[in-house]
A.B. asks: 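Please read through the structure below; I'll follow up with questions.
Throughout, a chain's letter reflects where its sequence line sits, starting with A, and its residues are numbered from 1.
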Number of protein chains: 2
Amino acid sequence: MRLTSKGRYAVTAMLDLAFHSQLKPVTLIDIAARQTISLSYLEQLFARLRRANLVKGVRGPGGGYSLCGDAHNISIAEIVAAVGERIDSTKCGGEANCQKTHECLTHDLWMDLGDHVKSYLEKITLADLLAKNRVQEVAERQDQHAQQTIEIHNHADLMHTLQ
Amino acid sequence: MRLTSKGRYAVTAMLDLAFHSQLKPVTLIDIAARQTISLSYLEQLFARLRRANLVKGVRGPGGGYSLCGDAHNISIAEIVAAVGERIDSTKCGGEANCQKTHECLTHDLWMDLGDHVKSYLEKITLADLLAKNRVQEVAERQDQHAQQTIEIHNHADLMHTLQ
DNA sequence: ACTTAACCCAGTAAGTTAGTCAACTATTAC
DNA sequence: GTAATAGTTGACTAACTTACTGGGTTAAGT
């Protein structure tokens, strides 16, 4: 089992998408700024998410990414799997050949743990997370902060053109 | 969350110990042979297990390792924690400062997942695993195979001294 | 003394993570 | 048509971890 920043970034970005892409596509630049994730790294993750048919990209001005389908139908397990994070903890990957031809002493333990975690993450959808108060609060805080950043940025641009 | 061979080896070795160290200490050489784990790597893991007071070592001939206390009181979570595997999946380690001063969008999700897995592993003890039929079967198979290996080894030694 | 086996420490090849950089393509707006 | 936007692709890399090897020291039994 290996659940690192890769999966965390992917789920966070997808949740940001679910929150902001109701009306129009969201650019990775915006997501990167709001969630403080490297843009280039996000691009790599979204390449995988696109291949897994979880998001669709729209090119050109006004483009960006939107969810493929409804937030109710996208589970955390799917997102995590799409970017290649292994939930399984066995050595053999479920093949039961962890000790040469046979299973190892703890094979069943790790199988059970893997199943447990998998079903836990399968039961949680993006819509479930979106419905939580805490998530709404954090998202709104991030929007405000991002708005401020844009204003500072515009101000800097203005000062620059005036000089 | 990161559950790799390190934790798997540690739990497997501890289970082997629980199975074999009823009468006298078990050497790491035996465990390494039965569970096909590198001896030197096992030594490193047992250094940590010893520091965590999960096993005690006895030096000299007839020495080896035994469990500290009863198998009913040693949980998988303790073993995994002793060798330094993080069950937590958050960026911040529970500090809720994943995004500079505040929590990130998915902080609660990873906290809940971590708690879930932790309590799952806390509820399973070495004695629980030992009671399972499958575990008994695998352990007995390993004992037979190890016995064969010793016989082959002795035979080779005999042939060597005869020459 | 000699053997056994725990104990300790330094080093290391291979793999992964998280990231950068650079180029290319499709789409829209002017 | 041309510039700007934004997705798409691929090569490359510093830092880190894992799993492992090897060499040595110390304590205990025979």
A.B. asks: If I take atom CG in residue B:L49 and atom P in nucleotide C:dA6, what distance separates them, rounded to the nearest angstrom?
C.D. replies: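 Rounding to the nearest Å, CG of B:L49 and P of C:dA6 are 13 Å apart.
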
A.B. asks: Near DNA chain C, counting only heavy atoms under 4.0 Å, which residues of residues 73-81 of chain B show up?
C.D. replies: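 By residue number: none to list.
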
A.B. asks: Provide, to the nearest angstrom, the distance between the CZ atom belonging to A:F46 and the C1' atom belonging to D:dT8.
C.D. replies: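 Checked: the CZ to C1' distance equals 14 Å.
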
A.B. asks: Crowded around A:K132 NZ? As in, over 12 foreign heavy atoms under 6.0 Å?
C.D. replies: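 Result for NZ/A:K132: open.
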
A.B. asks: For the residue pair A:D128 / A:H72, report whether a side-chain donor-acceptor contact shorter than 3.5 Å exists.
C.D. replies: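 Result is no, nothing qualifies.
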
A.B. asks: What pairs with B:H102 under ring-ring contact (aromatic ring centres under 6.0 Å, His included), at least two apart in sequence or on another chain?
C.D. replies: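 ring-ring contact (aromatic ring centres under 6.0 Å, His included) check on B:H102 returns nothing, list empty.
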
A.B. asks: Any base atoms under 4.0 Å from A:I29, or only sugar-phosphate, or nothing? Heavy atoms, all strands.
C.D. replies: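 Nothing: the residue A:I29, judged by heavy atoms under 4.0 Å, touches no strand.
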
A.B. asks: Separation of A:R86 atom CZ from C:dG15 atom P, in whole Å?
C.D. replies: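 Those two atoms, CZ and P, are 15 Å apart.
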
A.B. asks: Honestly curious: do B:L130 and B:L121 fall in one hydrophobic cluster under the side-chain, below-4.5 Å linking rule?
C.D. replies: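 Yes: a chain of side-chain contacts under 4.5 Å links B:L130 to B:L121.
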
A.B. asks: Can you check the A:K24 NZ to D:dA6 C1' distance for me, whole Å?
C.D. replies: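 After rounding, the reported distance stands at 13 Å.
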
A.B. asks: Can you name the one residue among B:L45, B:L49, B:T12, B:L15 that meets side-chain contact (heavy atoms from CB on, under 4.5 Å) with B:I79?
C.D. replies: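 Filter result, single survivor: B:L49.
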
A.B. asks: What is the distance from CE of A:M1 to P of D:dT18, rounded to the nearest Å?
C.D. replies: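 Whole-Å distance recorded here is 15 Å.
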
A.B. asks: Pull out every residue in residues 50-70 of chain A that has a heavy atom closer than 4.0 Å to any atom of DNA chain C, ordered by number, or say none.
C.D. replies: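 A:R59, A:G60, A:P61 - these, ordered by number, are the residues of the stretch whose heavy atoms sit under 4.0 Å from the strand.
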
A.B. asks: Between atom CZ in B:R48 and atom P in D:dA19, what is the gap in whole Å?
C.D. replies: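 Going from CZ in B:R48 over to P in D:dA19 covers 12 Å.
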
A.B. asks: Compare all side-chain heavy atoms of B:Q35 with those of B:Q142 and state whether any distance is below 4.5 angstrom.
C.D. replies: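 Result yes, sub-4.5 Å side-chain heavy-atom pair found.
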
A.B. asks: Same cluster or not: A:I124 versus A:L67, using hydrophobic residues (I, L, V, M, F, W, Y) connected whenever any side-chain heavy atoms lie under 4.5 Å apart?
C.D. replies: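 Hydrophobic grouping puts A:I124 with A:L67.
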
A.B. asks: Quick check: do A:L3 and A:R86 have side-chain heavy atoms less than 4.5 Å from each other?
C.D. replies: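 Sidechains of A:R86 and A:L3: no contact.
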
A.B. asks: Could you check how far CG of B:L28 sits from P of D:dC20, rounded to whole Å?
C.D. replies: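 From B:L28 CG to D:dC20 P: 15 Å.
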
A.B. asks: Would you list the pairs meeting salt bridge (Lys or Arg N to Asp or Glu O under 4.0 Å) in which at least one residue belongs to residues 3-22 of chain B, sequence neighbours left out?
C.D. replies: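 Sorted pair list: B:D16-B:R34.
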
A.B. asks: For each nucleotide in nucleotides 16-21 of chain C, reading 5' to 3', give B when a protein heavy atom comes within less than 4.0 Å of its base, S when such contact involves only the sugar-phosphate, and - otherwise.
C.D. replies: SSBBBB

A.B. asks: Not counting sequence neighbours, which residues clear salt bridge (charged side-chain N to carboxylate O under 4.0 Å, His left out) with B:R59? List them please.
C.D. replies: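 Partners of B:R59 by the salt bridge (charged side-chain N to carboxylate O under 4.0 Å, His left out) criterion come out as none, since no residue qualifies.
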
A.B. asks: Out of the candidates B:V55, B:L54, B:L17, only one should pair with B:I74 under the side-chain contact (heavy atoms from CB on, under 4.5 Å) rule; please name it.
C.D. replies: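 Result: among B:V55, B:L54, B:L17, B:L54 is the only option passing the side-chain contact (heavy atoms from CB on, under 4.5 Å) with B:I74.
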
